[in-house]
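A short write-up of the structure that comes next.
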Amino acid sequence: MDVGQLQRRFVEYTSSLFHEGVLDAQFTQLQQLQDESNPEFVFEVVSLFFDDSERILNDLTRALDQKIVDFKNVDSHVHQLKGSSSSIGAQRVKNACIAFRNYCEEQNTEACLRCLQQVKQEYSLAKNKLDSLFRLEQQIVAAGGAVPMVGC
Amino acid sequence: MRPNEQMCTKRKYMFIKKAWLPKILVIWIIIVALIGRVIYNTMDADDKERRKEVLESMCDQRARMLQDQFSASINHVHALAVLVSTFHYSKTPSTVDQKTFAQYTARTAFERPLLSGVAYAQRVLNSERKEFERIHGWTIMTMDKKPSPIRDEYAPVVFSQETISYIESLDMMSGEEDRENILRSRATGKSVLTSPFRLLDSHHLGVVLTFPVYKFNLSPDPTAEERIRATAGYLGGAFDVETLVENLLGKLAEYQEIAVNVYDVTNSSEPLIMYGRQREDGDLLLKHVSPLDFGDPYRKHHMICRYLQNAPTSWTAITTAFLFSVIGLLVGYMVYSALIHIVKVEDDFHKMQQLKVRAEAADVAKSQFLATVSHEIRTPMNGILGMLAMILDTDLSSTQKDYAQTAQACGKSLVTLINEVLDRAKIEAGKLQLEAVPFEIRSMLDDVISLFSEKARHKGVELALLVSDKVPCIVIGDPGRFRQVITNLVDNSVKFSERGHIFVHVRLAKHAKVVLDKKAETSSNDRSEGVVASGDCQFDTLSGCEAADDRNCWENLEHLTANEEHQCNASQRATLLVCVEDTGIGIPLHAQEQLYMPFMQADSSTSRNYGGTGIGLSISKCLVELMGGQIGFVSRPQIGSTFSFTSVFKMCEKNEVGHLKKSLCQDLPMTFEGLKAVLVDERPLRAAVTKYHLMRLGVVVEVVSSIGMVVDISRKNGSFRSRNGRRPDMVLVDKDTWLSSEDGDSKLKGHTFKLPKMILIATKITSGELEKAKAEGFADRVIMKPLRASMIAACLQQVLGMRKEEQQDMVCGPGLFRGLLYGKKILVVDDNRVNRVVAAGALKKFGANVLCAESGKAAIALFQFPHNFDACFMDIQMPEMDGFETTRRIRKLEIEANEQVIEESSSEGTSNKVERHLPILAMTADVIHATRDECLKCGMDGYVSKPFEEEDLYQAVTKFFEPKTTTDQ
């Protein structure tokens, strides 16, 4: 595949992510923050996000497994996840988190478990999409091209 | 719980069920009737008892009297018997003969009123008959006047009272009754009575009394045998019982009332009537029997009395019982209706409660709805505002820029409006608290005017703003509320005015009460002035139309503003008087009273024609009162209304003013400073408005009243120069003045010298007029009213050909932002790694030197003095120590450090007044009012929403770094 094709695919793929709502404008902002002095910025942040999120999701799973659920704890975890997801622009994860927090307030264990599944699903979706996005990016870089900027 | 269910449970607490009430009433009626009956019976029984007692006593009385009279007569007969025995038998020869007897008895007849007559019959044995008949010379006759047959003994009457002399010689023993009597009396020696029979002469019922006369004195206890033997004769008398009783009763009162019957009841099974009517009439139920003793133990008599009339109906009893029943029924009815009422009220109460619950639910729903909707509106509004901001960054023509700015301002005001909608509820609940922040009055008023400029222009109404020079630039108060009131008043004015002008005038007032005082004064002047001015169609107001309140006429205004003093300085308070004058439809007199009532419009057609809810004025009134002022109005129908209100603001500390001016003042370009303008306007008030705006831009203005004067001036000076010798940079001409003095204009056209920039100021202008204006030399520019400093500035830029690049230096663009943050050392505190990295990245991009801390504690550790951070971005929600707490601690540290510094500096004697105050900005995802207030309360300086947006960040940061950069320079 030549660079142009890759770049086109990259653009299409990115805009599909925006279109599907997996990502939002914040991701663009993030991309804008990346420059020569910090070429791996987006990747770093997103990797951080993955690490954090996986830890939080594990914590959440454990917290919700307890007989007596500590909703405050759960809520703070979800808040964390919401914060980081909104920071990288993972819109659907963020939205799932917002719903999750509402149920936390209601102390509805069942709904919380449902939401956890939802969040996990959204998270893995985002992770897959972003992973492939980065792969594409790497391919472009490897092929010697420049990564095009895509806004929402 | 659904209202219905609630209703049911509530229902249980009702103490009476409605269905029971009629039953209770019926039972009550029955009870009352029964009690009435009982009362009647009791009273009636009492009556009867009394009647009976009366009868008894009357009967007894009669019986006693009868008995007394009877016994008196008997006694007298007894005396007669003794007389006869004494003088007839004991004396020989007898001293009593018929004549003596008759005479005596006749004379003593008054003693025996009951006896029709007395007679003496001698006992004559058969053996003595011949002798007796011989002596007396007549034969013994029987009762029926026949010679008596032979018997054992005879009892012929020998002496008789004259009244009954017809019985002389009759044998008393021939009559059955008399014979029995005689036998019985001589055996007992007492008076005896016959059973009643018809008397011979009168045919009245009567009894015959017989008394024995003995020949000699008897032994003390004689036997019947002895008595018979000793018997010499018999004294008898007939009692005419009927007459007797009649006479007796006649003497008594109540003779007519009772019927008296006297019976001989010797044979108890067969009572014989002695007196009285046989016919039993009168009150048969009630009778009284009194025993009578006539001195004959063999015979028994009694008297029976009864009322002649039936017992009279007992009206007292009936009335009492009836009244009682009536009262009882009334009481019952009253209680019944009261209960019905109670039940009804209770029902209503529950209904109300239900409605209240519903209303409260609706209220909650409304609040939630408002909250949700306002939130939902805010989000897209942010998008709109952002886009507008971006449009404004592009190269626009002044009109476009103005439109965009207006759109942006409107959008912003919409966002505030949404907040106000939420606050409106607060006002009503009395929970509204006014802010006290410094703000720039003039630019705020410009914004308000700009809100309505499009509308006013469209209607052809001249909208003008004039702020007196004495009004301080910056005051401390609640700009939002102040603005809300003015907006509301102007909105109303625009709504109701179709011609003329709307004039907003702000000046200092001596005290807050000034509105009402003036109002009274002017309204009294109103009428007379109206009459005088009616012929004169030009008024000295803004547009020449008549206004309701003449205070805003040029003359008055000039006078008033001249009198303004900065006397409020001492108290650090300024009272502003804001007048909004319009030439609209005015307020009908009848509606003026209730103008401030919420949802009350002058009349129903008002809302149809002009829309709106009518709540605005009531809110304005509340707000004005909250701000320590008063609101009032003068209105004349079809002429217009002038609303005025006062509002008290705190003055800024003098040294703060300069500092604040930089941060608050709308960035009016200062490039026009020192330019000179000639303003041509025939109306001084309008000229004053234009002048005010131009002067804010630093333009020196000279006002002339006609174009001709401009020409004159230029003629005199040989070139187009104003009086002070400087050549004016521009000439601004009001359209009305231009139209009214076209001849002067043509003069102007005729001059050949280089004209300064000509600018026409118009409220509305037709395309024809525009063509004409262009033709006549106003090619440069037409400024549309309402005037605003910024708009004039934009126009002047174009007219005077200043380059855009120059302008852009005036406005701090994003380019400067980089410089703003460049090299600053900034700490980002966030527990979320990702957020931290992103925030740091964003700040680094602007050239800042960013450090990160992952908790409040870590941040505090870094902030131990001395440190060299320039700013801090703080997440609010953090575990252990949240952003608020961290900020509080940092502030505490700062205060301590400051004190130390002050101490040190005072000991050293140097006046190093460097106050340490690290700008701390909150990073938060929810930018709601409450959080913002909380942020400011705990010592933060501002907030940025997360995730960062360039504009936001710039807005937040610029406050803190701009002054610094200037001081650095």
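Excluded from the calculations below are hydrogen atoms, water molecules and symmetry mates; all remaining heavy atoms, backbone and side chain alike, are included. Values in this document were obtained by computation on a predicted structure and should not be read as measured data. To find a chain, count down the sequence lines: A is the first, B the second, and so on, and within it residues start at 1.
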Residues 67-78 of chain A vs side-chain hydrogen bond (donor to acceptor under 3.5 Å, both in side chains), sequence neighbours excluded, gives A:Asn73-A:His77, A:Asp75-A:Arg101
Check your understanding: Counting only heavy atoms not in B:Glu854, do more than 12 sit closer than 6.0 Å to its CD atom?
Key -> no
Within residues 45-54 of chain A, contacts to chain B at heavy-atom distances under 4.5 Å involve A:Val45, A:Leu48, A:Phe49, A:Asp51, A:Asp52
Hits for ring pair (Phe, Tyr, Trp, His ring centres under 6.0 Å) against A:Phe134, two or more places apart or cross-chain, chain-then-number order -> A:Phe43
Open item on the list: If you count heavy atoms of other groups shown closer than 6.0 angstrom to CZ of A:Phe71, is the number above 12?
Closed with: yes
Across all chains, not counting sequence neighbours, the ring pair (Phe, Tyr, Trp, His ring centres under 6.0 Å) partners of B:Phe869 are B:Phe863, B:His867
- Message: With a sphere of 6.0 Å drawn around NZ of B:Lys857, does it hold more than 12 non-hydrogen atoms of other residues, nucleotides or ligands?
- Response: no
